[in-house]
There are 2 protein chains.
Amino acid sequence: MLKVSTRSQYGLRAMIYLARHQREICPLKDISKEEGISFDYLEKIISKLEKTGLVKAKKGARGGYFLAKSPKKIKIGEIIRPLEGEKGLVKCMAGSYRCPMVKKCLSKKFWGKIQNALNSVLDSITLADLIKTP
Amino acid sequence: MLKVSTRSQYGLRAMIYLARHQREICPLKDISKEEGISFDYLEKIISKLEKTGLVKAKKGARGGYFLAKSPKKIKIGEIIRPLEGEKGLVKCMAGSYRCPMVKKCLSKKFWGKIQNALNSVLDSITLADLIKTP
DNA sequence: CAAAAACCGACTGATTCCGTCGGTTTTATC
DNA sequence: GATAAAACCGACGGAATCAGTCGGTTTTTG
């Protein structure tokens, strides 16, 4: 339905939170409380972001999460894409799939354009851009 | 999951078909056969496009569908948006919904930007653009 | 009248979303 | 060393949506 899942929305909000608390180690409890997002769900989301290397974790008491690099170097696309799954906007762009109509199909190229446009917008904005209050 | 539904993909292909058969009246059977899309499903899709006024129908024997206006005047966004539902990319942009965090939320503006960018790409391309074979 | 077509609404299996839950491991502090 | 706080992990489940099917109605042509 061309919708951004709450996963991505929550993930972005968590990243914004971390960006505003740079050089601190933020326990998930604080983020979830502050943002009003389910702790358990947010855990799954941030763990994904950790696996892609955007976020680092410190375990144990007084542990928590923190950004792996400066907000200036984090493009929003890097946050959204892993959370949405890298499948691509339409099935016919997913790596494995081979559309039987590909020869005659005029629309594939179109969807590729849309996808590229979307990605470049997402990559033209950094986390730092979002937190600077003008 | 930030995916375009097959509804839209099929809808677009049907519109391309109609554009390539301008001034003909195309029975759904032909479109579905040519494009390899389920007749029954396509019927639901095209009926939606008819309701939005992009396509006109002629009932009865020797009836069928045809474009309501020239392909040059049909923006792809006009095709996709009704098929995807006008809900917006994220819940917090849907007309009725009031997010409790709206005051502090830095991301809403961001999603608005993304949505606008997407819409302008979709509206920058016409059906005519898609069928001219370069 | 018969056939061809659009029109319409109800139903269904599968998938994905959006969480929840219970338990494990790691670490800091007392 | 015990305890508590935190990250980590996998299984489960209700709800929504998707993609499609089906059966029937209405309209028009020949």
Side-chain angles (χ1 to χ4, degrees), chain A residues 1-14 18 24-33 35-52 54-66 68 80 83-92 94 97, chain B residues 1-14 18 24-33 35-52 54-66 68 80 83-92 94 97:
Chain A
M1 217 209 198
L2 202 46
K3 248 182 56 186
V4 175
S5 61
T6 60
R7 257 203 314 285
S8 300
Q9 301 175 52
Y10 293 170
L12 178 59
R13 282 162 63 186
L18 291 178
E24 294 172 46
I25 294 191
C26 308
L28 198 55
K29 191 171 50 150
D30 293 358
I31 312 182
S32 93
K33 204 171 286 175
E35 293 291 330
I37 299 171
S38 148
F39 178 90
D40 289 304
Y41 193 29
L42 191 53
E43 190 175 59
K44 286 176 54 167
I45 294 169
I46 208 161
S47 119
K48 186 134 212 169
L49 294 176
E50 201 220 337
K51 270 167 199 141
T52 72
L54 285 181
V55 152
K56 282 186 176 148
K58 181 155 183 292
K59 289 179 84 170
R62 300 204 132 236
Y65 294 96
F66 53 97
I80 305 303
L83 293 177
E84 291 296 320
E86 306 273 8
K87 302 287 186 52
L89 216 50
V90 296
K91 192 167 74 171
C92 64
Y97 182 72
Chain B
M1 213 205 198
L2 203 45
K3 246 181 57 185
V4 175
S5 62
T6 61
R7 258 203 314 284
S8 299
Q9 302 174 51
Y10 293 170
L12 179 58
R13 281 161 64 187
L18 291 178
E24 293 173 46
I25 294 190
C26 307
L28 198 56
K29 191 172 50 155
D30 293 358
I31 311 181
S32 95
K33 203 171 287 174
E35 293 290 329
I37 299 170
S38 147
F39 178 91
D40 289 305
Y41 194 28
L42 191 53
E43 190 176 60
K44 283 175 55 166
I45 295 167
I46 208 161
S47 117
K48 187 136 211 164
L49 295 175
E50 203 221 334
K51 268 163 202 142
T52 72
L54 286 179
V55 152
K56 284 192 174 143
K58 181 154 184 291
K59 292 179 82 169
R62 300 207 126 233
Y65 294 95
F66 54 97
I80 305 303
L83 293 177
E84 292 295 320
E86 306 274 7
K87 303 284 184 60
L89 214 49
V90 296
K91 193 168 71 170
C92 63
Y97 183 71

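Quick caveat: nothing in here was measured; it's all calculated off a predicted structure. Quick note on labels: first sequence line is chain A, next is B, and so on, each numbered from 1.
- With a 4.5 Å cut-off on side-chain heavy atoms, A:R7 and A:Y41 count as touching.
- In this structure, OH of B:Y41 is placed 17 Å from P of C:dG13, rounded to the nearest angstrom.
- Put simply, CZ on A:F39 is 10 Å from C1' on D:dC8, counting in whole angstrom units.
- Judged by closest nucleotide on DNA chain C, B:G60 is the one of B:D40 and B:G60 placed further toward the 5' end.
- Using a 4.0 Å heavy-atom criterion, one finds that B:I46 contacts no nucleic acid atom at all.
- Counting to the nearest Å, the C1' atom of D:dA7 and the CG atom of A:L42 are 13 Å from each other.
- The nearest whole Å value for the distance from the CD atom in B:E35 to the P atom in D:dG20 is 14 Å.
- Shown here for B:L89 and A:L2, the closest heavy-atom pair between the two residues is CD1-O, 3.2 Å.
- Within 4.0 Å of A:K56, counting heavy atoms only, lies no atom of the nucleic acid at all.
- Between the CG atom of A:L49 and the C1' atom of D:dA7 there is a distance of 15 Å, rounded to whole Å.
- The side chain of A:Y10 places no N or O atom within less than 4.0 Å of a non-bridging phosphate oxygen (OP1 or OP2) of C:dC18.
- Side-chain proximity of A:K51 to C:dC18, D:dC9, D:dA7: nearest is D:dC9.
- Proximity of A:K29 to the phosphate of D:dA6: a side-chain N or O atom is located under 4.0 Å from OP1 or OP2.
- Remark: B:S38 is in phosphate contact with D:dT21, judged by side-chain N or O atoms under 4.0 Å from OP1 or OP2.
- Contact of the A:I25 side chain with the A:R62 side chain is not registered, since no non-hydrogen atoms from C-beta on lie closer than 4.5 Å.
- Residues A:L18 and A:C26 meet the side-chain proximity criterion, which asks for heavy atoms closer than 4.5 Å.
- Atom-to-atom, CD1 of B:I37 to C1' of D:dA19 comes out at 12 Å; the value is rounded to the nearest Å.
- In this structure, the CZ atom of A:R7 is 11 Å from the P atom of C:dT16, given to the nearest Å.
- Residues B:I31 and B:I37 fail the side-chain proximity criterion, which asks for heavy atoms closer than 4.5 Å.
- Put simply, B:K59 has no side-chain N or O that comes within less than 4.0 Å of OP1 or OP2 on C:dA3.
- Using a 4.0 Å heavy-atom distance criterion, A:E43 is classed as a base contact.
- The shortest distance between the side-chain N/O atoms of A:T6 and the OP1/OP2 oxygens of C:dC18 is below 4.0 Å.
- Within the nucleic acid shown, B:K44 comes within 4.0 Å of at least one base atom, counting heavy atoms only.
- Close to D:dT29, at under 4.0 Å from its OP1 or OP2, lies a side-chain N or O of B:K58.
- Going from atom CG of A:L18 over to atom P of D:dA7 covers 11 Å, rounded to whole Å.
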